2 protein chains.
Amino acid sequence: MPEFLADCRARLAFDLLAHTWDGVVLWALRDGPCRPRELRRRVGGISPKVLTGTLHRLRDSGLVSSRRHREAPPRVEYALTPLGRSLLGPLEALGAWAAEHGDEVARAREDACAARLRAGTTPASPAPGRAGRPPSGGRSG
Amino acid sequence: MPEFLADCRARLAFDLLAHTWDGVVLWALRDGPCRPRELRRRVGGISPKVLTGTLHRLRDSGLVSSRRHREAPPRVEYALTPLGRSLLGPLEALGAWAAEHGDEVARAREDACAARLRAGTTPASPAPGRAGRPPSGGRSG
DNA sequence: CAGGATCCCCCAAGATACTG
DNA sequence: CAGTATCTTGGGGGATCCTG
């Protein structure tokens, strides 16, 4: 057992979901095998390149498998491996938590933001923001 | 209910743990209030600046609270809020999963890496890597 | 001792063009 | 239609110095 939390095994799970789309793509595969095109539709807002990268990373971690059909129009299907399916449980727990407490988080963030405005200081932390440009509302058309 | 997973409420939870140290710091606070200095010791490998940033972000999300004692040597204590404590459950689920399946992930990654070497291609995905410089192996003691 | 300010590095992710 | 290569951008994280 590691002395520092940074080396804790739980850290592995965090890193597994570290990239923006990892969790969402995993979740999108819960209903069964899926082609990239369809995945993009389900997820919404993810670029082809990033989807490929995410899928390959998840595959390299053993969470996802891929099947290539050698046809004229390339056809590939991605699916969860048993290992990947076993992660759905914890993911669900996270989702359930968000469903139950999401409002509280949102409210807390608004409060913090308001308080900061009142203080007239610089944000310093855009709250939910992450790297890149999450589609936090980008899809309106 | 959002049509796209990218807008799903679960996404909120993912984003909550999006930053490198969020989960670990949350976990480090599970045993009770703690001062930054002690937190750094427990976590291991986190810089003071980043710890402050992490703490403030978590505070702005309502997961953590802070108490300032106005003394000559500044003294601050951070603690989980009830909301933050409620996240420990899902976090624990994630940790338990990692404890049980971590080896499989590690093995899959090694396999993928080996296969890639055999193919003589460029990595394209450093596997577990993330932004910054995670102490993935810095402290091997 | 807490934490703000600053500088630097690097990678995730977007956009686009091209290949199979 | 799947996947890669290239360029660009934005911000997280590390290190250091400085203030309250």
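Every chain is numbered from 1 and lettered A, B, ... according to where its sequence line falls, protein lines coming before strand lines. Because the structure is a prediction, the values reported are computed rather than measured.
Look at A/S47 and you won't find any side-chain N or O under 4.0 angstrom from OP1 or OP2 of C/dA15. Contact check, B/H69 against C/dC1: no side-chain N or O comes under 4.0 Å of OP1 or OP2.
No more than 12 heavy atoms of other residues, nucleotides or ligands shown are found within 6.0 angstrom of CD on A/E100.
For A/L51 and C/dA15, the CG to C1' distance is 16 Å, given to the nearest whole Å. At whole-Å resolution of the value, CZ in A/R57 and P in D/dT4 are 13 Å apart. In this structure, the CD atom of B/E38 is 11 Å from the P atom of C/dA2, given to the nearest Å. The CZ-C1' distance, from A/R67 to D/dG3, rounds to 19 Å in whole Å. Per the geometry, CG belonging to B/D15 stands 14 Å off C1' belonging to C/dA13, to the nearest Å. In this structure, B/R116 atom CZ and D/dT4 atom P are separated by 11 Å, rounded to whole Å. One can place CZ of B/R75 at 18 Å from C1' of D/dG20, the figure rounded to the nearest angstrom. With rounding to whole Å, A/H19 atom NE2 is found 11 Å from C/dC11 atom P.
Results of the salt bridge (charged side-chain N to carboxylate O under 4.0 Å, His left out) test with B/D60 over A/R107, A/R116, A/R109 single out A/R116 as the only residue that passes.
Taking only side-chain atoms of B/V76, from C-beta outward, the nucleotide of C/dG14, D/dG14, C/dG3 with the closest atom is C/dG3. Proximity note for A/T52 (side chain, C-beta onward) versus C/dG4, C/dG14, D/dG3: the nearest is D/dG3. Taking every side-chain heavy atom of A/W21 into account, C/dA13 is the closest of C/dG3, C/dA13, D/dG14. For A/P74, counting side-chain heavy atoms from C-beta on, the closest listed nucleotide (C/dG20, C/dG4, D/dG3) is C/dG20.
Projected onto DNA chain C by closest heavy-atom contact, B/Y78 and A/K49 fall at different nucleotides, the more 5' of which corresponds to B/Y78. Projected onto DNA chain D by closest heavy-atom contact, B/P48 and A/S66 fall at different nucleotides, the more 5' of which corresponds to A/S66.
Rounding to the nearest 0.5 angstrom, the gap separating the CG atom in A/L5 from the CH2 atom in B/W27 is 9.0 Å.
For B/T81 (side chain) and B/L63 (main-chain N/O), a donor-acceptor pair under 3.5 Å exists by modelled atom type. In this structure a side-chain-to-backbone donor-acceptor pair under 3.5 Å is present from A/W97 to B/S86.
Among the heavy atoms of the strands lying under 4.0 Å from B/R68 are primed sugar atoms or P, OP1, OP2 only; no base atom is included. No engagement by B/P73 is indicated, since no non-hydrogen atom pair under 4.0 Å with the nucleic acid exists. B/R35 comes within 4.0 angstrom of the backbone, heavy atoms only, and of no base.
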